[in-house]
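Remarks on the structure that follows.
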Amino acid sequence: MFQKNMHPFLQKRGNSFFVRLHRKLYKKELLVRIKEEKPDFVRAVMSRGNYYLVELMVNEETEYFAFLNYLISLNQEI
Amino acid sequence: MTKDFAVIPFNSGAIADKYLISNMLGGWDILGENDFKLFSSLKCNRGTPLFNRLYERGLIADERNFNRLLEDHRNLNSNLFYDASLHIAVITTHCNLRCRYCQAHAARPEHMSLKVARRTVQCIAERKTPYITLEFQGGESTLNWNVLVFLTKSIRKLERNNRKIDITLISNLTALNAKKMQFFKDYSVNICASLDGPKHIHDQNRIFGNGKGTYDVVIRNIKKLRKQFKKSVNFLPTITKSSLCAFKEIIDEYVRWGATSIALRPVNHLGNACSNWRNLGYSAEEFMTFYKNALDYILELNKKGIFIRERMAKVILQKVFNKEDPYYVDMMSPCGAGRGQIVYMPDGSCYPCDEARMVGGKMFRLGNILNETYETLVKKENLLHLLETSAINLWDYASVLSPWIGVCPVLNYTEQKNFVPKIHCSFIYKIHEFRFKYIFEKIAKGGQDLEILKSWVAKKEGENEKE
């Protein structure tokens, strides 16, 4: 599946959470929609090799799961 | 002063503001911060309430309870002491469906011959185990009817030697007629059908060659088996991308057809699924979210009096609460490949597990039963290496889940192209780990959820359940 550049999905750097979304699974359009629809949730979207790196503004695990739920439903629409 | 007891070496991990501790014998407990500090600094004195609790839970040993702890360990890992019990016969690689995620698609499909079937029976008969499960897999097994009948009748005869025999058919249920259904009833063949959920989900992926969905045919045959032949059918869903949002609909569909168990398992990145991965696949984290939502919903249904269990949760709970081995080959360490299960292909070649035969090729192939003995096959170097790389303590030696969790070296290899896995990046391991942690969170929080989870594995007198 992802033979190269394997990274943990969720990373914490300082006070920020980052999720890595592989280009094989997530289209660019999805990233655009996330940025538009969740400006309070997502601080930035960056491109890193095979991945998109999404910086989240979440504090608790419940918010992280809320983001994942949002990601699942959005990913099905696109 | 020397102590007359010992704390068994343990691992620990944070679970819901508490600490889960476990040791290799399967002893475990969840402690608050103060108790955990006392225990981990080995300042736990005999006679204190904490000592008594940990002694009872198998975390502290002395001469009096040591035999009990060893017995628990043997029960939890009883797969280590028996010969292979699960024998998977792939009697054909032909299939009348063209499922979009098919993991067993064969470029040149073939039927198993009676010659290979006879040799398969011989291999199974020679196994030194009191329980044998013969599982028909495919392709669609019912398309090679003569061999299915031969194997079923021959294996049933082994029951005369005081062995318990289970025969299970994994089928798409679209190539059945009344004669075949009657045979399954007469020979007590368990039937397990693929049902991905309600029609609009099932028909997205499980289709005939002409692109038409199979849901209506499957349901018609389930009804017929139940009504005319009084034969129960178990179901198995494959969770694809389109299922992730539909956890309620899938579970409701299972409840609708009277299922008391559902196994929520991810689609594997094998076979046809590879080329359709963008439409079918998801990240492990998405599946974990699905699993969390689905398990919560199942618990809600149980609270309303609707009894349905999640099968993977049940496997975990059997290990954790009952300290018994559910013989679930993916959660053994080393894994059950070649030890707990073996796969016979139509041409007589053997693979150590279902995933390995789906990958195919020479790397995992053990040899051919037509020209080698079973003993030679299971002593092959590639199997020994495979088992070595499936020992959890090699890759996650400090894991608090190590008494119970397993590693699938085949899936890790296909994903990472390396037998030395980056375990915390492994798709399947992340999912296994999450399942355990989420269930332990429920255990730590207690309340009604815990009572329901316990009831899923509570032993009732005379109960002899097989799913």
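Below, read A as the first sequence line, B as the second, and so on, with proteins coming before strands; counting in each chain starts at 1.
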How long is the span from the CD atom in A:Q76 to the OG1 atom in B:T240, to the nearest 0.5 Å? 8.0 Å

Contacting region of A:Y64 [heavy-atom separation from chain B under 4.5 Å]: side chain

Other residues, nucleotides, ligands: >12 heavy atoms within 6.0 Å of B:K199 NZ: yes

Rounded to the nearest 0.5 Å, how far apart are SG of B:C425 and CZ of A:R20? 10.0 Å

Of all the heavy-atom pairs spanning A:L25 and B:W277, show the shortest one and how long it is. CD2-NE1, 3.6 Å

Without swapping roles, check the side chain of B:E286 against the backbone of A:L71 for a donor-acceptor pair under 3.5 Å. no

With a 4.5 angstrom heavy-atom cut-off, is it the side chain or the backbone of B:N418 that approaches chain A, or both, or neither? neither

Could you grab the distance from atom CD1 of A:I72 to atom CG of B:N293, nearest 0.5 Å is fine? 6.5 Å

So A:L10 and B:E285, side chain to side chain contact (heavy atoms under 4.5 Å, CB included) or not? Walk me through it. CA-CA 9 Å; A:L10 180 71; B:E285 286 70 17; 6.0 Å; no

Is the NZ or CZ atom of B:K430 positioned over A:F9's six-membered ring, under 6.0 angstrom from the centre and within 45° of the axis? no

So which residue, A:N69, A:L21, A:V19, ends up with the most heavy-atom pairs under 4.5 Å with chain B? A:N69

Would you give the length of the straight line joining atom CZ of B:R278 to atom NZ of A:K24, rounded to the nearest 0.5 angstrom? 10.5 Å

More than 12 non-hydrogen atoms from neighbouring residues, nucleotides or ligands closer than 6.0 Å to NZ on B:K18, yes or no? no

In this structure, are over 12 heavy atoms from other groups packed under 6.0 Å from B:K248 atom NZ? no

Let me confirm one number: the CG-OH distance from A:N75 to B:Y282, rounded to the nearest 0.5 Å. 12.0 Å

When rounded to the nearest 0.5 angstrom, what is the spacing between NE2 in A:H22 and OG in B:S283? 11.5 Å

